[in-house]
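Okay, structure first, notes after.
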Amino acid sequence: MALLRLHLHLPRPPLPARRNPALPSALSSSTTSCLWRGHLPLLAPPLLQSPRLAPGRRLRRPALHRRRPPRLPQRVMDAVPRHKFVGRPLPFPVPSSSSCPPTVRRYDSSLARHAFRYRHALTSFSVLPAEAKRQLLDAGFKLLSESDDWDLQPGGRYFFTRNMSCLVAFAIGEKYRVGNGFNIIAAHTDSPCLKLKPRSATIKSGHQMVNVQTYGSGLWHTWFDRDLTLAGRVILKATDGSFKHKLVKLTRPLIRVPTLAIHLNRTVNTDGFKPNLETHLVPLLATKHEDTTNSDDKSSSSTKVTHHPLLLQILSEEIGCDSDEIIGMELNVCDTQPSCLGGGNNEFIYSGRLDNLASCYCALRSLMDSSKMAEQLSNEKAIRMVAMFDNEEVGSDSMQGAGAPTMFQAMRRIIDSLMHQSMGEGALERAIHSSFLVLADMAHALHPNYAEKHEECHRPELQKGLVIKHNANQRYATSAVTAFLFKEIARIHNLPVQEFVVRNDMGCGSTIGPILASGVGIRTVDCGIPQLSMHSVREMCGKEDVDTTYRHFKAFFEMFSDIDRKLNVDF
């Protein structure tokens, strides 16, 4: 009994400390050790603190659920991050969903950290040219207007946008002479998504729903049960009667397309998930039924009638205007889950809209990095260009699509501006003959569960380099000559290259490569980063492939002119 009393009076030995630099210094080492176990240190119950036990009372340890942590000082409570599902501070930092994983910060050579920041800014493809515009201005490029006269000079760097969804940027070599060629990388900015209809407000069984239409050929079943939001553009009417164009991006989960419970659809796993895209693919906004006066007036064009007042209120708060000022909008539905690294070795990039944001990123970054200093253009005899087009997923037949003469007109205007007094014959035609186009669009990687879908000798794999696409029926614009020139760059720089041919018993997709090759008459090679889950709301590719593609594109800008002079086909 004496030994028991002695034991009760001895202080409890401290637990071994596990240092966590993210914790505030106010926490002691023993507290830190217990925090890593998921709770704060236990206080000795009053019974154990008494100098002696009362006669007839037994030593009883309180139940686990009655152990309560002490209250820490408020400055310590504020310093420890709070978990979003638990109402008390956790002892270790909870990573923010919008922050880059630690592996991204440690792998700067793969450009993953910068690419994630780029991807987060591009929730909607209508925002892409705006983000590209910001980066180009920061890099020293000059913004041009298609409505103004162009005064271009060798060594200069310029860009312009069309409809804020198409962008063309170029850097002129200091040794450029009229008739020299253009070295171009082209890509498309759009991806399959859901777009709000002109009259999006609808009520279903007391629920505020948002009418949408499908854009492109998406895997629409992947959009169900996702935390979705809206991004795009709005037109505002100012008090002075003028109009303003604003880009908007809502970051919080705003809408959702819920699936039907299996208890009400027992055959979904045997017959397949076959939603009606008109009636079942309608996102839910809210439950409260708002009083929309004159909502049955079909002749009214007010946005309060065509769109939910709640939605307009949310948009106006984000923009910083009154809801009455919003007179037009073009909004796309997009996923809120941020890009991240994944896989057992953190070797994959999980993200929405990799097709084709990954290509746009590599093209834009390679142009800026290959021409950011004057000496990089001092010996260049060609014009380096990046062209990014909209509406590829729906055929490219639009003012801002590759079917429009945007790139051809840009090439002609550049040459006209640089000709000055030199009036050589066929300057534009000679320049086109000397030009080369790299069409960058994501490629189909080998799916390990569907290996039979690939031709046996042409199975592109993740982490094995850029894919050159071939098709004898000209669904891709690659030829033997263009493939050789592009692979020669990879050979010199020791970069891996893969090749893809579709099976003869399967249909082949296409790109804007044949459109530009036939419309402009320019030599073209079709290539792309291999990826899985193409056209899903959430796609994946290898992070090594992004780094390889960037280095391949940068080398193309820096050395293609020298390689091209060594090969003469038309003699």
Side-chain angles (χ1 to χ4, degrees), residues 129 132-162 166-187 360-388 406-424 426-438 440 485 489 492-493 520 522-523 550-566:
K133 174 182 176 181
R134 182 192 65 80
Q135 294 189 21
L136 289 167
L137 290 174
D138 291 344
F141 282 70
K142 181 181 178 181
L143 176 62
L144 301 174
S145 172
E146 289 191 279
S147 302
D148 299 336
D149 291 333
W150 290 0
D151 183 16
L152 309 180
Q153 301 296 329
R157 298 172 297 169
Y158 311 90
F159 75 99
F160 67 89
T161 65
R162 176 177 290 189
C166 168
L167 180 143
V168 176
F170 55 95
I172 306 173
E174 292 188 6
K175 292 186 176 180
Y176 175 81
R177 297 294 180 268
V178 173
N180 291 357
F182 291 74
N183 300 333
I184 310 171
I185 300 178
C360 293
Y361 168 76
C362 292
L364 188 67
R365 180 72 182 270
S366 62
L367 175 65
M368 293 188 297
D369 289 352
S370 65
S371 58
K372 59 184 176 182
M373 293 182 290
E375 54 267 24
Q376 292 177 300
L377 295 174
S378 59
N379 294 319
E380 179 61 74
K381 299 178 180 180
I383 297 175
R384 303 170 182 176
M385 176 182 286
V386 164
M388 298 189 291
T406 307
M407 194 174 78
F408 179 81
Q409 292 173 350
M411 297 170 71
R412 184 183 62 190
R413 294 194 63 177
I414 292 171
I415 292 176
D416 289 345
S417 178
L418 295 173
M419 284 182 65
H420 300 298
Q421 302 301 321
S422 173
M423 300 297 293
L428 176 60
E429 290 75 11
R430 288 187 286 120
I432 291 176
H433 178 74
S434 302
S435 299
F436 193 92
L437 170 66
V438 176
L485 290 172
I489 298 173
I492 295 174
H493 288 266
V520 180
I522 185 173
R523 295 175 296 170
Y550 160 76
R551 289 188 285 139
H552 202 149
F553 288 174
K554 188 170 182 288
F556 164 74
F557 281 133
E558 293 174 341
M559 65 181 307
F560 179 79
S561 297
D562 295 332
I563 294 178
D564 190 35
R565 283 195 292 268
K566 298 178 181 180

Applying side chain to side chain contact (heavy atoms under 4.5 Å, CB included), run through Phe557 and Ser366 and close with a yes or a no. CA-CA 8 Å; Phe557 281 133; Ser366 62; 3.5 Å; yes
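The shortest side-chain heavy-atom distance between Phe553 and Asp369 does not fall under the 4.5 Å cut-off. Side-chain contact check for Leu364 versus Leu136: some heavy-atom pair is nearer than 4.5 Å. Contact check for Phe182 versus Ile415: side-chain heavy atoms found under the 4.5 Å cut-off. At least one side-chain heavy atom of Arg162 sits less than 4.5 Å from a side-chain heavy atom of Gln409. Considering only heavy atoms from C-beta on, Pro154 comes within 4.5 Å of Leu418 through its side chain.
Taking CZ of Arg384 as the reference point, atom CD1 of Ile184 lies at 13.5 Å (rounded to 0.5 Å). Taking CD of Glu174 as the reference point, atom NZ of Lys381 lies at 13.5 Å (rounded to 0.5 Å). Atom CD1 of residue Ile185 and atom CG of residue Leu367 lie 8.0 Å apart, to the nearest 0.5 angstrom. Rounding to the nearest 0.5 Å gives a distance of 8.5 Å between CE of Met407 and CD1 of Ile432. Annotation: the span from Gln135 atom CD to Arg365 atom CZ amounts to 8.5 Å, rounded to 0.5 Å. Interatomic distance, Leu167 CG to Cys360 SG, rounded to the nearest 0.5 Å: 9.5 Å.
Listed by chain and number, the residues in a side-chain contact (heavy atoms from CB on, under 4.5 Å) with Asn379 are Lys175 (sequence neighbours excluded). Applying the side-chain contact (heavy atoms from CB on, under 4.5 Å) rule to Lys142 yields the partners Tyr158; only residues at least two apart in sequence or on another chain are considered.
When each of Trp150, Phe160, Phe408 is paired with Arg413, the side-chain contact (heavy atoms from CB on, under 4.5 Å) condition holds for Trp150 and for no other. When each of Leu437, Asn183, Ile414 is tested with Met385 by the rule side-chain contact (heavy atoms from CB on, under 4.5 Å), just one qualifies, namely Ile414.
Ser417 approaches Leu152 most closely through the heavy-atom pair OG-N, 3.0 Å. Considering all non-hydrogen atoms of both residues, Val386 and Ala363 come closest at CG2-O, 3.5 Å. Taking each heavy atom of Ser561 and Glu380 in turn, the nearest pair found is OG-OE2, 3.1 Å. Here the closest non-hydrogen pair linking Ala132 and Met388 is CB-CE, 4.1 Å. When every heavy atom of Arg157 is checked against every heavy atom of Leu377, the shortest pair comes out as CG-CD1, 4.3 Å. Listed here is the closest heavy atom pair of Asp562 and Lys566: O-CG, 3.7 Å.
The aromatic rings of Phe159 and Phe141 stand perpendicular to each other, their planes meeting at an angle above 60°, with 30° marking the opposite boundary.
Atom CG of Asp149 sits in a sparse spot, with 12 or fewer heavy atoms from other residues, nucleotides or ligands closer than 6.0 Å.
Between the side chain of Glu558 and the main chain of Gln376, no donor-acceptor pair closer than 3.5 Å is present.
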